[in-house]
Participant: 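Take a look at the following structure, please.
Keep in mind that what you see is a predicted model, and the values were worked out from it rather than measured.
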Amino acid sequence: THYNWLITTQDTEDKCFEIIPSTSTGNSTFTTPAFVIKGNTSRVGIGTTNPSHQLSVAGDVFLDGDNQQIFFGGANTYIGELSNSQKLQLRGGGSNSTHTAVLDSAGRFGLATSSPQVRLHLENSDGTDEFLRFSDSAAVDVASVRAYQQYYMGNNTTRVGYFGFTTDETFDMATTTSNGRIRFLA
């Protein structure tokens with residue numbers, strides 16, 4: 001009622017260290033390695049006999065426990081859970097929250113904040129003047145820039161308003177509902 005295991009070298013894959021389960025419980029036939037280390041490349045394969053990178057995994061990877069990360073080249077560039085918070089954190093090399101993107105369990109996304117308060121929360125905590133930019137990479141001159149925000153009703157198909165540069169260097173602000181109005185408050 002259990003699988004047998006074979007630990008061997010160069011059995012089914014050339015120049016490899018292999019760990020191979022039996023083909024069925026109680027069987028002594030071994031065909032496909034579950035784990036390999038390629039001797040000529042030092043690559044490790046889990047669930048694959050031909051690892052394409054230093055570590056190749058065919059299947060899901062599960063990090064068990066809280067506050068788990070995958071690091072990239074240093075202690076401050078990683079993706080993982082933000083300290084037992086049920087928030088996914090992506091940190092790009094900085095050492096504090098201004099270099100962080102967070103997605104929390106309520107679907108709120110924060111840039112430069114570890115505690116987003118709304119669906120998209122952009123925090124300008126480093127004192128720079130500009131922290132949000134809309135660009136039109138298809139524009140060939142100033143007159144052809146189209147960078148604007150649109151607002152839709154809940155069904156995402158009925159536009160109720162927009163603002164931004166739309167045509168001929170013109171900044172438009174409009175409501176597209178028949179009884180809509182635009183107010184400027186002091």
Participant: Using the rule given for side-chain contact (heavy atoms from CB on, under 4.5 Å), can you reason through Ile79 versus Leu88, listing the C-alpha separation, both sets of side-chain angles and the distance that settles it, and then say yes or no?
Facilitator: CA-CA 7 Å; Ile79 186 170; Leu88 178 66; 3.9 Å; yes
Participant: For the pair Lys38 and Asn50, evaluate side-chain contact (heavy atoms from CB on, under 4.5 Å) and give the outcome as yes or no after the intermediate values.
Facilitator: CA-CA 8 Å; Lys38 294 283 226 175; Asn50 193 21; 4.1 Å; yes
Participant: Work out which heavy atom in Ile20 is nearest to a heavy atom in Thr8; give both atom names and the distance.
Facilitator: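 Closest pair (atom of Ile20, atom of Thr8, distance): CD1-CG2, 4.0 Å.
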Participant: Between the main-chain N or O of Lys87 and the side-chain N or O of Asp104, is there a donor-acceptor pair closer than 3.5 Å?
Facilitator: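 Judged by distance alone, no pair lies under 3.5 Å.
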Participant: Could you please spell out the steps behind the side-chain contact (heavy atoms from CB on, under 4.5 Å) verdict for Leu63 and Ile70?
Facilitator: CA-CA 9 Å; Leu63 302 177; Ile70 299 173; 3.9 Å; yes
Participant: Show the nearest heavy-atom pair for residues Ser114 and Val102, with the distance to one decimal.
Facilitator: CA-CG2, 3.7 Å
Participant: CZ/Phe17 to CZ/Phe35 distance, rounded to the nearest 0.5 angstrom?
Facilitator: 6.5 Å
Participant: Please name the pair of heavy atoms, one in Val36 and one in Cys16, separated by the smallest distance, quoted to 0.1 Å.
Facilitator: CB-SG, 4.4 Å
Participant: Please report the C-alpha distance between Leu103 and Leu90 in whole Å, then the side-chain angles of each, then the deciding distance to 0.1 Å, and finally whether the side-chain contact (heavy atoms from CB on, under 4.5 Å) criterion is met.
Facilitator: CA-CA 9 Å; Leu103 178 63; Leu90 173 63; over 6 Å; no
Participant: Rounded to the nearest 0.5 Å, what's the gap from OG1 on Thr9 to CD1 on Ile37? Could you check?
Facilitator: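 Those atoms lie 11.5 Å apart.
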Participant: To the nearest 0.5 angstrom, please state how far the CZ atom of Arg43 sits from the OG1 atom of Thr48.
Facilitator: 11.0 Å
Participant: Would Leu120 end up clustered with Val118 when hydrophobic side chains under 4.5 Å apart are linked, directly or stepwise?
Facilitator: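 Not linked; separate clusters.
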Participant: Checking the side chain of Gln117 only, and the main-chain atoms of Ser115 only, is there a donor and an acceptor separated by less than 3.5 Å?
Facilitator: yes
Participant: For the residue pair Tyr78 and Phe71, does the interplanar ring angle fall in the parallel (under 30°), tilted (30 to 60°) or perpendicular (over 60°) class?
Facilitator: tilted
Participant: If every non-hydrogen atom of Ala101 is compared with every non-hydrogen atom of Phe109, which pair is closest and at what distance?
Facilitator: CB-CZ, 3.8 Å
Participant: Which heavy-atom pair separates Pro33 from Thr49 by the least distance, and what is that distance?
Facilitator: CD-CG2, 3.5 Å
Participant: Taking all heavy atoms of Ala34 and all of Trp5, pick out the closest pair and write down the distance.
Facilitator: CB-CZ3, 4.3 Å
